[in-house]
Amino acid sequence: MADDQEHEGASVKEQLIEACRRNNVDLLQEIISNCKSDDEISDLLNNTTTVMGNHLYHEAALQGNYEIIDLLLDQPNFECDPISRIEGDTPLHSAIRWINSEPPQQRDFGNALVTMMLEAGSGTRVRNKAKLTPLQLVDPRNPALRDLIQKHEYAELNAGDFVDAPPDAPKNNNNAAAKGNAKADVFVDVRQDADSDDDDDDAEFSGSDEEERAEWERRRKNKGR
């Protein structure tokens with residue numbers, strides 16, 4: 001697809017910007033389907049900007065366009081944290097600006113939007129040109145959104161406390177059904193048992209070999225001394 005290709009008087013990039021501003025999922029899907037490769041899709045979606053220096057993701061986030069954002073995030077190699085030219089905002093900054101401008105009745109919807117963005121990989125610690133993180137932009141009258149972002153940050157910071165289960169560890173079948181091939185995270189206790197040797201001595205004798213029986217009885221007598 002040529003960058004300057006036009007359809008009904010507008011270039012492809014102009015159509016993309018309009019689709020993201022207007023939550024026009026059909027138009028965005030049509031443009032994506034006309035691309036010849038994943039590389040073309042990612043190049044078009046990641047590098048199309050407005051004259052003000054906003055990326056497509058910013059434009060959608062500034063309008064709270066959940067459906068468009070959902071579709072964008074499904075595309076190959078989509079950039080989750082592009083930076084706007086004027087404010088230095090990420091799309092997460094932009095989404096929070098939109099939420100702050102909306103009435104309280106929109107907060108649950110806004111929280112769902114931010115949750116989707118965080119789960120897709122949006123960073124919470126990027127500072128814009130005003131040195132503000134997305135969390136610092138949140139309206140203090142919206143504690144639920146602050147808690148949501150802080151819990152996500154906490155989970156990321158503490159991810160190192162958990163390790164992947166070894167290949168032979170038992171798996172949760174219910175979890176596997178829900179999440180496909182995702183690996184379960186388990187906490188591994190690496191402390192050694194100081195009494196492990198004694199446990200070996202107290203182990204039940206199998207009685208399968210006479211020499212083994214004699215050795216077992218000898219160890220039991222020595223232990224009793």
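None of these values were measured; they are calculated from a predicted model.
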Are Leu62 and Leu118 connected, step by step, through hydrophobic side chains (Ile, Leu, Val, Met, Phe, Trp, Tyr) whose heavy atoms are closer than 4.5 Å?
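The answer is no; the residues belong to distinct hydrophobic clusters.
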Are Ile149 and Tyr66 connected into the same hydrophobic cluster when the rule is that any two of I, L, V, M, F, W, Y join if their side-chain heavy atoms are below 4.5 Å apart?
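In one cluster with Tyr66: Ile149, yes.
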Please round to the nearest 0.5 Å and tell me the distance separating atom [atom1] of [X] and atom [atom2] of [Y].
{"X": "Thr49", "Y": "Ile17", "atom1": "OG1", "atom2": "CD1", "value": "7.0 Å"}
{"X": "Asn46", "Y": "Leu56", "atom1": "CG", "atom2": "CG", "value": "8.5 Å"}
{"X": "Asn23", "Y": "Glu59", "atom1": "CG", "atom2": "CD", "value": "13.0 Å"}
{"X": "Gln136", "Y": "Asn128", "atom1": "CD", "atom2": "CG", "value": "9.0 Å"}

Is there a donor in the side chain of Arg22 and an acceptor in the side chain of Gln63, or the other way round, less than 3.5 Å apart?
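On atom types as modelled, these side chains do not qualify, holding no pair under 3.5 Å.
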Tell me whether Lys151 at atom NZ has more than 12 heavy atoms from other residues, nucleotides or ligands lying less than 6.0 Å away.
no
How would you list, by chain and number, every residue that makes a side chain to side chain contact (heavy atoms under 4.5 Å, CB included) with Pro76, sequence neighbours excluded?
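Side chain to side chain contact (heavy atoms under 4.5 Å, CB included) list for Pro76, sorted by chain: Asp38, Ile41.
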Do Ile86 and Asn54 make a side-chain contact, defined as non-hydrogen atoms from C-beta onward lying under 4.5 Å apart?
no
Just wondering, do Leu135 and Leu145 contact through their side chains at under 4.5 Å, heavy atoms?
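When only atoms from C-beta onward are counted, Leu135 and Leu145 do not touch, as no gap falls below 4.5 Å.
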Can you sort out the partners of His58 under ring pair (Phe, Tyr, Trp, His ring centres under 6.0 Å), two or more places apart, ordered by chain and number?
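His58 satisfies ring pair (Phe, Tyr, Trp, His ring centres under 6.0 Å) with His55 only.
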Got a sec, which residues hit side chain to side chain donor-acceptor pair (under 3.5 Å) with Asp139, two or more places apart in sequence or on another chain?
Arg141
Taking salt bridge (charged side-chain N to carboxylate O under 4.0 Å, His left out) as the test, write out the residues that go with Glu87, two or more places apart.
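Glu87 satisfies salt bridge (charged side-chain N to carboxylate O under 4.0 Å, His left out) with Arg97 once adjacent residues are dropped.
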Where at least one partner belongs to residues 106-125, residue pairs that pass side-chain hydrogen bond (donor to acceptor under 3.5 Å, both in side chains), sequence neighbours excluded:
Thr124-Glu153
Pairs meeting criterion salt bridge (Lys or Arg N to Asp or Glu O under 4.0 Å) with involvement of residues 60-70, two or more places apart
none
How are the rings of Trp98 and Phe109 set relative to one another: parallel (under 30°), tilted (30 to 60°) or perpendicular (over 60°)?
perpendicular
